[in-house]
Amino acid sequence: MDQRITSGDEGLDRILGGGLPMNGINLIMGLPGSGKTILCQQFIFACASEKRPAIYLSTVSEPFEKILRYAQTLSFFDRAAIGRSVFYEDLGPTVAGGSGLTAVTEHIAALIKERRPGIIAIDSFKALAAFADDAQGFRRFLHELAALLTAFPATSFWIGEYGEDEARTAPEFAVADGIISLATERASERALRLIQVSKLRGSDFRSGRHTYRLSQDGITVFPRLADPLSEADYRLDEDRVSSGIAPLDTMLAEGYAPGSSTLVAGPSGAGKTLMGLHFIFSGAANGQPGVIASLQENPIQLQKVARGFGWSLDDEHVAVMYRSPNDVYIDEWVYQLLDLIETTGAKRVMIDSLSDLQYAAPDPVRFREFIYSLTQRLSRAGISPIMTSELPDLFHTGRLAEFGISHLSDNVILLHYLRADSRLLRTVTILKSRTSAHDPEIREFDITSKGIVLGDPIDGDHT
């Protein structure tokens with residue numbers, strides 16, 4: 001039977017295929033401050049019992065008192081478990097006693113015989129290498145300890161401040177059954193915490209790098225949203241979905257197809273957010289729930305904008321999710337969005353804007369993968385997203401969106417400015433409407449107290 005132990009975090013357990021396989025040797029690697037000790041203790045307090053207790057062994061680089069002091073600040077730390085199901089032991093005196101690593105193996109063997117543990121953790125395991133006579137001596141210790149731990153039914157954690165280069169050469173990595181790495185990477189002006197499972201012997205797991213956060217509650221992991229290409233059949237309503245702007249519906253062949261994604265691209269002030277609000281509140285007026293996911297205006301600002309056109313965010317069919325663009329993990333954000341969609345039963349979603357999400361993505365490939373997965377997931381559920389994207393140029397458009405996002409959208413609407421003598425005209429063009437005919441003409445529009453009002457097609461005299 002495939003028995004596993006939980007990490008205490010749902011997201012990490014999903015990456016691990018339901019948790020870590022029991023009775024393996026697992027190496028947790030990462031540079032200082034990445035959360036290795038927190039992760040290990042999270043496993044311990046989630047799984048230890050009086051029948052199968054956990055032993056946490058500190059060595060010379062992580063003093064016993066320091067580990068225990070900081071562990072008490074975590075919400076999952078259970079004082080009642082200490083001395084009953086969780087035992088802390090200091091290997092420092094044994095390591096520094098002059099008897100070498102042989103004494104360490106003997107000490108651990110004695111603890112196993114006395115405690116009969118279900119979990120054994122050594123922090124820091126890497127620090128033990130400094131007490132071997134030579135590389136051959138450390139390898140001998142490594143294999144003797146691995147044989148001891150394998151013979152006894154316990155799950156082991158070896159924690160160390162290893163870098164990526166060491167993972168290719170250090171003998172510990174060949175012995176380990178599971179390898180979990182924690183890292184920090186810069187994305188624009190922010191730092192992303194990334195967790196990756198690079199080895200899990202005898203078990204499947206989710207590949208790639210996933211974001212996580214550290215807090216008083218420990219490690220919270222957000223599995224990378226990366227839906228595979230699905231050939232499964234699913235049925236969508238054939239009725240068209242109104243944009244909330246009657247003339248625009250006509251240009252779109254009577255509105256959007258249900259479950260289709262729409263990209264609204266344009267320069268600042270062109271009316272992108274307003275077009276998204278039309279879409280959401282048009283649905284709300286017909287009893288169809290919608291979600292506004294904003295990284296631009298906060299709820300107070302957004303409420304002011306909505307009221308200027310006769311709408312209100314207090315509408316029972318409209319939910320708002322605002323997040324600051326300065327501290328966004330795209331996978332954390334998307335799971336919060338999907339949870340809100342499920343809770344509200346939303347059929348329309350406005351994302352304002354993709355430009356802010358791009359800055360939060362670690363790389364262009366990851367962002368494209370993310371948008372593909374999100375739009376496909378919404379499409380299968382019959383949910384129609386409208387997404388805004390900022391264009392840098394006021395009058396001339398070289399490209400619609402970074403990283404080929406326009407290719408992933410079913411409908412593409414371009415908002416632009418044209419010069420007309422001493423005036424600037426706002427214009428709209430339907431560049432793309434997948435699976436249906438559309439009017440490709442450039443039309444002028446005005447922003448009034450009633451929202452967007454479309455005018456006649458533009459003649460060729462404007463620039």
Side-chain angles (χ1 to χ4, degrees), residues 11 187-193 211-213 215 217 220 222 225 244 261-285 288-362 367 370-371 373-375 377-378 381 383-390 401 405 415 447 451-452:
S188 298
E189 294 302 316
R190 71 192 74 197
L192 293 178
R193 293 187 180 274
T211 55
Y212 71 96
R213 286 192 186 271
S215 70
D217 296 325
T220 304
F222 310 102
L225 189 73
S261 57
T262 300
L263 175 68
V264 180
S268 177
K272 302 182 297 298
T273 299
L274 181 56
M275 188 163 286
L277 292 176
H278 265 288
F279 182 65
I280 293 296
F281 283 100
S282 172
Q288 195 174 63
V291 169
I292 300 171
S294 175
L295 296 105
Q296 295 274 316
E297 288 91 355
N298 63 44
I300 295 176
Q301 295 168 322
L302 198 59
Q303 178 74 292
K304 184 177 180 180
V305 172
R307 283 179 173 167
F309 299 100
W311 302 312
S312 174
L313 298 184
D314 298 326
D315 191 308
E316 63 178 343
H317 296 300
V318 177
V320 178
M321 187 183 91
Y322 169 72
R323 298 293 181 268
S324 169
N326 295 327
D327 187 31
V328 173
Y329 281 15
I330 59 173
D331 288 302
E332 177 185 23
W333 177 89
V334 78
Y335 285 113
Q336 292 171 345
L337 175 61
L338 293 173
D339 286 345
L340 184 57
I341 290 171
E342 182 178 0
T343 300
T344 60
K347 287 299 180 181
R348 301 186 181 205
V349 178
M350 171 185 171
I351 300 174
D352 191 21
S353 71
L354 292 185
S355 305
D356 294 301
L357 288 178
Q358 286 175 6
Y359 295 133
F367 185 67
F370 170 83
I371 294 299
S373 300
L374 175 58
T375 54
R377 188 169 294 197
L378 295 179
I383 299 167
S384 303
I386 188 166
M387 307 171 289
T388 69
S389 180
E390 185 85 8
I405 299 306
L415 306 183
I447 295 178
I452 292 176

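Heavy atoms only: backbone and side chains are in, while hydrogens, waters and symmetry mates are out.
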Is it true that a side-chain atom of [X] and a backbone atom of [Y] form a donor plus acceptor pair closer than 3.5 Å?
{"X": "Y212", "Y": "G11", "value": "no"}
{"X": "K347", "Y": "S384", "value": "no"}
{"X": "D331", "Y": "L225", "value": "yes"}

Review point. Do the rings of F309 and W311 sit parallel, tilted or perpendicular, given the 30° and 60° boundaries?
Key: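 Correct class here is tilted.
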
Shortest non-hydrogen contact between [X] and [Y], atoms and distance:
{"X": "T388", "Y": "S353", "answer": "OG1-CB, 3.0 Å"}
{"X": "L313", "Y": "P299", "answer": "CD1-O, 3.6 Å"}
{"X": "A191", "Y": "Y329", "answer": "O-OH, 3.3 Å"}
{"X": "I452", "Y": "G271", "answer": "CD1-O, 4.2 Å"}
{"X": "A346", "Y": "I383", "answer": "O-CG1, 3.5 Å"}
{"X": "F367", "Y": "L354", "answer": "CZ-O, 3.8 Å"}

Are the side chains of [X] and [Y] in touch, meaning some heavy atoms are under 4.5 Å apart?
{"X": "L378", "Y": "S261", "value": "no"}
{"X": "M387", "Y": "T375", "value": "yes"}
{"X": "Q303", "Y": "D314", "value": "yes"}
{"X": "L337", "Y": "V349", "value": "yes"}
{"X": "L274", "Y": "H278", "value": "yes"}
{"X": "E390", "Y": "D356", "value": "no"}
{"X": "D352", "Y": "Y322", "value": "no"}
{"X": "R348", "Y": "F279", "value": "yes"}

With rounding to the nearest 0.5 angstrom, report the [atom1] to [atom2] distance, [X] to [Y].
{"X": "M275", "Y": "I447", "atom1": "CE", "atom2": "CD1", "answer": "9.0 Å"}
{"X": "S294", "Y": "M350", "atom1": "OG", "atom2": "CE", "answer": "7.0 Å"}
{"X": "F370", "Y": "L374", "atom1": "CZ", "atom2": "CG", "answer": "5.5 Å"}

Check your understanding: Do D315 and S312 get their side chains close enough for a donor-acceptor pair, meaning under 3.5 Å?
Key -> no

Exercise for review: Answer yes when E297 and K304 have at least one side-chain N-carboxylate O distance shorter than 4.0 Å, and no when they do not.
Suggested key: no

Exercise for review: Mind running side-chain contact (heavy atoms from CB on, under 4.5 Å) on R323 and Q336 for me, showing each step along the way?
Suggested key: CA-CA 10 Å; R323 298 293 181 268; Q336 292 171 345; 2.9 Å; yes

Point to revise | Sole candidate of L263, L277, V264, I351 that passes side chain to side chain contact (heavy atoms under 4.5 Å, CB included) when paired with I386 | key: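 Exactly one option meets the side chain to side chain contact (heavy atoms under 4.5 Å, CB included) with I386, and it is V264.
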
